[in-house]
Student: 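Let me give you the structure first, and then I'll get to my questions.
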Amino acid sequence: MNIKKEKDGSRLTIIIAGRIDTVTAPDVDEYINNSLEGVKMLILDFKDVNYVSSAGLRVLLSLQKKMMVKGEMKLINVNEAVSDVFEVTGFDEILTYEKV
């Protein structure tokens with residue numbers, strides 16, 4: 001897994017590549033949470049994310065709750081496999097995301 005960030009004022013884009021699973025979710029959570037100071041718009045670019053486990057969903061839910069207080073969060077470039085996970089788990093009702 002690889003994570004990059006691009007910050008533009010109060011807008012933060014996090015670009016993730018790989019799997020967000022039990023092994024990688026804690027790293028994703030820590031990396032993003034350590035980058036949230038002053039952020040009002042969080043964009044997660046999922047172009048190269050090919051799998052999200054329940055641990056990854058917990059990270060996304062936690063981030064969504066934090067960003068509801070600070071501003072907003074959006075996922076972009078979500079592929080069909082990850083979108084299917086969101087739909088099956090009901091996360092399509094919680095998260096704002098754009099499919100590829």
Side-chain angles (χ1 to χ4, degrees):
M1 187 195 55
N2 188 20
I3 308 173
K4 293 189 324 186
K5 67 180 173 182
E6 298 172 356
K7 190 156 186 195
D8 183 14
S10 64
R11 179 185 177 117
L12 176 65
T13 302
I14 301 287
I15 303 158
I16 305 171
R19 299 168 53 97
I20 305 175
D21 56 22
T22 306
V23 173
T24 60
D27 293 335
V28 172
D29 188 43
E30 181 180 2
Y31 184 89
I32 295 173
N33 277 297
N34 288 338
S35 303
L36 288 180
E37 187 172 329
V39 173
K40 293 189 169 132
M41 177 61 172
L42 175 62
I43 298 171
L44 303 177
D45 189 336
F46 268 40
K47 180 181 174 211
D48 295 316
V49 173
N50 50 29
Y51 177 77
V52 177
S53 74
S54 60
L57 292 174
R58 281 191 297 276
V59 170
L60 294 175
L61 181 59
S62 173
L63 288 170
Q64 177 67 30
K65 287 180 179 179
K66 285 178 187 165
M67 290 310 298
M68 285 175 69
V69 174
K70 297 175 67 129
E72 62 183 298
M73 179 176 101
K74 177 169 72 172
L75 285 74
I76 61 172
N77 299 318
V78 176
N79 68 35
E80 190 171 334
V82 173
S83 175
D84 288 348
V85 170
F86 292 164
E87 291 171 15
V88 167
T89 58
F91 272 65
D92 61 329
E93 301 292 327
I94 298 168
L95 301 173
T96 301
Y97 66 96
E98 298 173 358
K99 296 180 186 179
V100 175

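These figures come from a predicted structure and were not determined experimentally. Starting from 1, each residue takes its place in the sequence as its number.
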Student: What pairs with T22 under side-chain contact (heavy atoms from CB on, under 4.5 Å), at least two apart in sequence or on another chain?
Tutor: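 S53, A55.
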
Student: Per the ring pair (Phe, Tyr, Trp, His ring centres under 6.0 Å) rule, what does the pair list look like for residues 4-26, sequence neighbours excluded?
Tutor: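 As it turns out, there is no ring pair (Phe, Tyr, Trp, His ring centres under 6.0 Å) pair with a partner in residues 4-26 once direct neighbours are skipped.
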
Student: State yes or no: do L95 and I16 share one hydrophobic cluster built from I, L, V, M, F, W and Y residues joined by side-chain heavy-atom distances below 4.5 Å, directly or via other members?
Tutor: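 Hydrophobic grouping puts L95 with I16.
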
Student: Tell me, do L44 and L60 make a side-chain contact under 4.5 Å, heavy atoms counted?
Tutor: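 They are in contact (side-chain heavy atoms under 4.5 Å apart), so the answer is yes.
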
Student: Linking Ile, Leu, Val, Met, Phe, Trp and Tyr by side-chain heavy atoms under 4.5 Å, what else ends up with Y51?
Tutor: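 Answer for Y51: none, a lone residue.
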
Student: Residues two or more places apart in sequence or in another chain: which of them pass side-chain contact (heavy atoms from CB on, under 4.5 Å) with V85?
Tutor: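 L57, T89.
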
Student: What residues form a side-chain contact (heavy atoms from CB on, under 4.5 Å) with K74, not counting sequence neighbours?
Tutor: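 Partners of K74 under the side-chain contact (heavy atoms from CB on, under 4.5 Å) test: M41, I76, T96, E98.
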
Student: If a pair satisfies ring pair (Phe, Tyr, Trp, His ring centres under 6.0 Å) and one of its residues is in residues 18-50, list it, with sequence neighbours excluded.
Tutor: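 Matches after skipping sequence neighbours: none remain.
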
Student: Just jot down the salt bridge (charged side-chain N to carboxylate O under 4.0 Å, His left out) partners of D92, sequence neighbours excluded, or say none.
Tutor: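 In terms of salt bridge (charged side-chain N to carboxylate O under 4.0 Å, His left out), with neighbours along the sequence ignored, D92 is linked to no residue.
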
Student: Hydrophobic cluster membership, with links at side-chain heavy-atom distances under 4.5 Å among I/L/V/M/F/W/Y: are L61 and V28 in one?
Tutor: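 Yes, L61 connects to V28 through the hydrophobic network.
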
Student: Can you pull the ring pair (Phe, Tyr, Trp, His ring centres under 6.0 Å) pairs that have at least one residue in residues 59-100, sequence neighbours excluded?
Tutor: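 Sorted pair list: F86-Y97.
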
Student: My understanding is that only one of K7, E30, K5 makes a side chain to side chain donor-acceptor pair (under 3.5 Å) with S35; could you say which?
Tutor: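 Going through K7, E30, K5 one by one, the side chain to side chain donor-acceptor pair (under 3.5 Å) with S35 is satisfied by K5 alone.
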
Student: Evaluate the side chain to side chain contact (heavy atoms under 4.5 Å, CB included) criterion for residues R19 and N50: first the C-alpha distance (whole Å), next the side-chain angles of each, then the deciding distance (0.1 Å), finally the verdict.
Tutor: CA-CA 6 Å; R19 299 168 53 97; N50 50 29; 3.2 Å; yes

Student: When rounded to the nearest 0.5 angstrom, what is the spacing between CE in M73 and CD1 in I14?
Tutor: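 Those atoms lie 11.0 Å apart.
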
Student: Just jot down the side-chain contact (heavy atoms from CB on, under 4.5 Å) partners of K40, sequence neighbours excluded, or say none.
Tutor: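 Residues passing side-chain contact (heavy atoms from CB on, under 4.5 Å) with K40: S10.
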
Student: Consider only side-chain heavy atoms of I, L, V, M, F, W and Y, link residues closer than 4.5 Å, and tell whether M67 and V52 are in one cluster.
Tutor: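 Yes.
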
Student: For the residue pair T24 / D27, report whether a side-chain donor-acceptor contact shorter than 3.5 Å exists.
Tutor: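 The criterion, which ignores hydrogens and geometry beyond distance, is not satisfied for T24 and D27.
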
Student: In terms of hydrophobic clustering (I, L, V, M, F, W, Y; side-chain heavy atoms under 4.5 Å; direct or indirect links), are L63 and I43 co-clustered?
Tutor: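 Different hydrophobic clusters.
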
Student: Treat each ILVMFWY residue as a node, draw an edge where side-chain heavy atoms are under 4.5 Å apart, and state whether V100 and L75 are in one component.
Tutor: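 As far as the 4.5 Å side-chain criterion goes, L75 and V100 are not connected within one cluster.
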
Student: Can you measure from NZ (K65) to CD1 (I94) and round to the nearest 0.5 angstrom?
Tutor: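 It comes to 8.5 Å.
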
Student: Might you point out which heavy atoms bring D21 and P26 nearest each other, and give the distance in Å?
Tutor: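 Heavy atoms only, the tightest pair is O-CD, 4.4 Å.
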
Student: Could you check if a side-chain atom of N33 sits within less than 4.5 angstrom of a side-chain atom of K66, using non-hydrogen atoms only?
Tutor: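 They are in contact (side-chain heavy atoms under 4.5 Å apart), so the answer is yes.
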
Student: With sequence neighbours left out, what residues match K99 under salt bridge (charged side-chain N to carboxylate O under 4.0 Å, His left out)?
Tutor: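 For K99, the residues satisfying salt bridge (charged side-chain N to carboxylate O under 4.0 Å, His left out) (neighbours in sequence not counted) are E87.
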
Student: Can you name the nearest heavy-atom pair linking K70 to G38, along with the distance?
Tutor: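 Smallest interatomic distance, heavy atoms only, reads NZ-N, 4.1 Å.
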
Student: Would the distance check show the side chain of D8 and the main-chain N or O of R11 forming a donor-acceptor pair, the cut-off being under 3.5 Å?
Tutor: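 A pair under 3.5 Å: no.
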
Student: For R58, what residues pass the salt bridge (charged side-chain N to carboxylate O under 4.0 Å, His left out) criterion, not counting sequence neighbours?
Tutor: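 Per chain and number, R58 pairs via salt bridge (charged side-chain N to carboxylate O under 4.0 Å, His left out) with no residue.
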
Student: Can a salt bridge be assigned to the pair D45 and K47 using a cut-off of 4.0 Å between side-chain N and carboxylate O?
Tutor: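 Judged by the 4.0 Å cut-off on N to carboxylate O distance, D45 and K47 do not form a salt bridge.
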
Student: How far apart are the closest heavy atoms of G56 and A25, and which atoms are they?
Tutor: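 Closest approach of G56 to A25: N-CB, 4.1 Å.
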
Student: Check which hydrophobic residues are tied to V88 through side-chain heavy-atom contacts below 4.5 Å, counting indirect links as well, and list them.
Tutor: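 Cluster partners of V88: none, it stands alone.
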
Student: Is any side-chain heavy atom of I32 closer than 4.5 Å to one of L42?
Tutor: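 The answer is yes; the side chains approach within 4.5 Å.
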
